[in-house]
Colleague: 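Before anything else, here's the structure in question.
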Amino acid sequence: MTAAADLVLRNGEVHTLDDAEETYDALAIRDGRVVQLANDYDVGFLVGTGTEVIDLDGGVVLPGFVDAHTHMETVGQYGVHADLRGASGPEEVTDRLQERAAETDDEWILGYGYDESAWDADDLQQSDLDAVSEDRPVAAIREDMHTATVNAVALDAYGDEMPIGDVLGDGRIVEDAVEVVYEATEPDPEETESLLRAAQREANEQGVTCVHDMVRQSHSPRAFRELDLADELTVRVRLNYWSDHLDALLETGLRTNHGSEMVEVGGVKTYTDGSLGGHTAKLSEPYADAPEETGQWVVDPEELREFVTRADDAGLQVTAHAIGDEAIDAVLDAYEECADAEASRHRIEHSELASDDAIERMSELGVVASMQPNFLKWAGSEGLYEDRIGAERREASNRFPAYRDADVPLAFGSDCMPLDPLLGVHYSVNPPAESQALSVTDALRAYTAGGAYAGFREDEMGTIEAGALADLVVLDESPWEQPEAIRDIDVQATVVAGEVVYRAD
């Protein structure tokens, strides 16, 4: 006699997202895995006295979203410090920071997520943050996390530690100067756990069942493992350590894919260049709005090659940040020296301005393109990318179909800008340029099976089939039926390892 299921989802529209694009009415789950896909009648044979049955009322079931590039500690910061996302200009940023200052007696007053690209007003300046406090350091971190604005107190206290070239004036800082702020404000283990609990709640609400978390100088790995041991982790975590952790990884013997069902070692991350917003992405041709600038190396090509060789020899996947075309080429040069880059599934994070030749090289090497479709919000005709790199290059950015057509493994993530897969899917289906457009199915696959492949778990994650992990998201409407409004679709429920971790009210 067949054992009863632990959980049955019925009266829905279950999309497997496999090659056949099959759909079913219902599915059954036992011991954290899918055991049957069926119609509503047949699934009833797996309902027993202890089975939980959820009527989906027509909800759409998909594999759980895999965010292949995010920063969970930063996601949690939005819920703890001043949330600057959506601020309309410097005045609103100042107001939100002042509200935060009144709530806490912490040394630093911090805010995260401002984006000046849509403002009519001037950029955020030191004087705006001086108005928040004249005796406590204040920092507003831009959404890209490569750029920030600080007040006079912060500059007086920490300016000597900041590289001169990364201090732009008017309180604006980039790259290594921002790192000084991160180091000065590093949360302790207790605060880190609080941030990660807030972040996993948001992940659950967004239908994210697995994250590839980029961590640096953080207590996050410890906090995630403690949550796992306490059986309080409700999202799977793949830890991507920073390049300055490489010696420690080698000394402790950690390797890619080590870990538990819920927390595992991913790869080791390095930068090459910076960001388009900060004029620090490394380009082969000058910026349109700064003709003397072509960006900068955060890690120069020779140092990058040495790092990649050490990591690859140690059996570690490499996740290399590269946005500009010159930076992407430098990463590929380093990967070409690896014994078997395809087996290692080395990755390029962002890969926004890859040339046709670079995309072909990625295909030949089996390199994963870990990209963020929500970045297309800056790629409109009057957006940030138009200002920075001009119309031709902004239309040539994030050419997702070119990667698909070249059989480059494509994994979508958010970079927590924001943590919202449906927003990313929406932009990739409704992009500014036709050269960036994917079908609904292809976009969803990049946010499910793509991330699973990038994390070596494609055999049990990323599609819905018998034997697969029961990591699922239930949407209240079908993205295929309203492709022009995917970002407006709500998550009805999220299931991780067969347990319902989120249900909408």
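In this text the structure is predicted, and so the values were computed from the model without any measurement.
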Colleague: Are any side-chain N or O atoms of R33 and backbone N or O atoms of G498, one a donor and one an acceptor, separated by less than 3.5 Å?
Modeller: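 Absent.
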Colleague: With no hydrogens and no angle check, do the side chains of Y403 and S351 hold a donor and an acceptor under 3.5 Å apart?
Modeller: yes
Colleague: Show the nearest heavy-atom pair for residues L438 and P401, with the distance to one decimal.
Modeller: CD2-N, 4.0 Å
Colleague: With distance as the sole criterion, is a donor-acceptor pair present between the side chains of E21 and H15 under 3.5 Å?
Modeller: no
Colleague: Would you say the side chain of Q77 lies within less than 4.5 Å of the side chain of L195, judging by non-hydrogen atoms?
Modeller: yes
Colleague: Tell me, do V75 and V211 make a side-chain contact under 4.5 Å, heavy atoms counted?
Modeller: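 Sidechains of V211 and V75: no contact.
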Colleague: Measuring only between side-chain heavy atoms, which start at C-beta, is F65 closer than 4.5 Å to L422?
Modeller: yes
Colleague: For N398, run the side chain to side chain donor-acceptor pair (under 3.5 Å) check against Q372, H350, E352 and tell me which one passes.
Modeller: E352
Colleague: Find the distance between CD (E477) and CD (Q482) and round it off to the nearest 0.5 Å.
Modeller: 4.0 Å
Colleague: Quick one, R305 with E336, criterion salt bridge (Lys or Arg N to Asp or Glu O under 4.0 Å). Give me CA distance, side-chain angles, the key distance, then yes/no.
Modeller: CA-CA 10 Å; R305 283 194 294 271; E336 278 186 337; over 6 Å; no
Colleague: In terms of side-chain geometry, is the basic nitrogen of E364 or R361 positioned less than 4.0 Å from the acidic oxygen of its partner?
Modeller: no
Colleague: What distance do H71 atom NE2 and H212 atom NE2 have between them, rounded to the nearest 0.5 Å?
Modeller: 13.5 Å
Colleague: Taking only residues two or more places apart in sequence or in another chain, which ones pass salt bridge (charged side-chain N to carboxylate O under 4.0 Å, His left out) with E342?
Modeller: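 So E342 forms no salt bridge (charged side-chain N to carboxylate O under 4.0 Å, His left out) with any residue.
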Colleague: Under 3.5 Å, side chain of R487 to main-chain N/O of Y427, donor-acceptor pair present?
Modeller: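 Side chain of R487 to backbone of Y427: no pair is present.
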Colleague: Just by modelled atom types, is the D55 backbone N or O under 3.5 Å from a matching donor or acceptor in the R10 side chain?
Modeller: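 Such a contact is absent between R10 side chain and D55 backbone.
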Colleague: Is the distance between the ring centroids of F375 and Y385 under 6.0 Å?
Modeller: no
Colleague: Counting N and O atoms only, with roles assigned by atom type, does the side chain of R347 sit under 3.5 Å from a partner on the main chain of H321, one being a donor and the other an acceptor?
Modeller: no
Colleague: Taking atom OH of Y502 and atom OG1 of T209, what is their separation to the nearest 0.5 Å?
Modeller: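 With rounding to 0.5 Å, OH (Y502) is 15.0 Å from OG1 (T209).
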Colleague: Distance alone, cut at 3.5 Å: any donor-acceptor contact between the side chains of N204 and T494?
Modeller: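 Per modelled atom types, N204 and T494 side chains form no pair under 3.5 Å.
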Colleague: Using a 3.5 Å distance criterion without hydrogens, assess whether the side chain of N430 forms a donor-acceptor pair with backbone atoms of H426.
Modeller: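 Pair found, side chain donor or acceptor close to backbone of H426.
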Colleague: Looking at S428 and A443, would you say the former's side chain and the latter's main chain have a donor-acceptor pair under 3.5 Å?
Modeller: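 No, S428 side chain to A443 backbone: no donor-acceptor pair under 3.5 Å.
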Colleague: What distance do D407 atom CG and L410 atom CG have between them, rounded to the nearest 0.5 Å?
Modeller: 11.5 Å
Colleague: Would you say the side-chain atoms of D471 pair up with the backbone N or O of A497, donor to acceptor, closer than 3.5 Å?
Modeller: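 At least one qualifying donor-acceptor pair exists.
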Colleague: Any heavy-atom pair between the side chains of M72 and S220 that's under 4.5 Å?
Modeller: no
Colleague: Within a strict 4.5 Å, meaning less than it, do heavy atoms of the V299 and S243 side chains meet?
Modeller: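 Side chain of V299 against side chain of S243, heavy atoms only: no contact under 4.5 Å found.
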Colleague: If we ignore angles and hydrogens, is there a donor and acceptor under 3.5 Å between the side chains of N257 and E264?
Modeller: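 No, no side-chain donor-acceptor pair sits under 3.5 Å.
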Colleague: Between the main-chain N or O of P418 and the side-chain N or O of R85, is there a donor-acceptor pair closer than 3.5 Å?
Modeller: no
Colleague: Can you find a pair of side-chain heavy atoms, one from I141 and one from T74, that are under 4.5 Å apart?
Modeller: no
Colleague: Which residues pass the salt bridge (charged side-chain N to carboxylate O under 4.0 Å, His left out) test with E175, not counting sequence neighbours?
Modeller: none
Colleague: Who pairs with E73 by salt bridge (charged side-chain N to carboxylate O under 4.0 Å, His left out), at least two apart in sequence or on another chain?
Modeller: none
Colleague: How about D67 and Q206: do any of their side-chain heavy atoms sit closer than 4.5 Å?
Modeller: no
Colleague: Would you say the side-chain atoms of D144 pair up with the backbone N or O of H146, donor to acceptor, closer than 3.5 Å?
Modeller: yes
Colleague: For D115, is there an ion pair with R142 - N to carboxylate O distance below 4.0 angstrom?
Modeller: yes
Colleague: Walk me through whether V268 and H245 qualify under side-chain contact (heavy atoms from CB on, under 4.5 Å).
Modeller: CA-CA 8 Å; V268 57; H245 298 153; 5.6 Å; no
Colleague: Does the structure place the NZ or CZ of K269 under 6.0 Å from the centre of the six-membered ring of Y271, at an angle of no more than 45° from the ring's axis?
Modeller: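 Yes - K269 lies over the ring of Y271, closer than 6.0 Å to its centre and within 45° of its axis.
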Colleague: Could you tell me which non-hydrogen atom of S275 sits nearest to which non-hydrogen atom of I323, and how far apart they are?
Modeller: CA-CD1, 4.1 Å
Colleague: Among R197, R225, R201, whose salt bridge (charged side-chain N to carboxylate O under 4.0 Å, His left out) with E232 holds?
Modeller: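 Single salt bridge (charged side-chain N to carboxylate O under 4.0 Å, His left out) partner of E232 among R197, R225, R201: R197.
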Colleague: Between S370 and E349, do the side chains contain an N or O donor and an N or O acceptor separated by less than 3.5 Å?
Modeller: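 Yes, because at least one side-chain N or O of S370 sits under 3.5 Å from a partner of the opposite role on E349.
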Colleague: Hey, what's the ring geometry for F412 with F400, parallel, tilted or perpendicular (30° and 60° as the breaks)?
Modeller: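 Judged by the thresholds at 30° and 60°, the geometry between F412 and F400 is perpendicular.
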Colleague: Please round to the nearest 0.5 Å and tell me the distance separating atom CG of L62 and atom CZ of R445.
Modeller: 11.5 Å
Colleague: Would you say H69 and T319 make side-chain contact, with heavy atoms under 4.5 Å?
Modeller: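 With C-beta onward as the side chain, the pair stays apart.
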Colleague: What is the minimum heavy-atom distance between L353 and S397, and which atoms define it?
Modeller: CD2-CB, 3.8 Å
Colleague: Drop me the distance from D213's CG to Y241's OH, to the nearest 0.5 angstrom.
Modeller: 10.0 Å
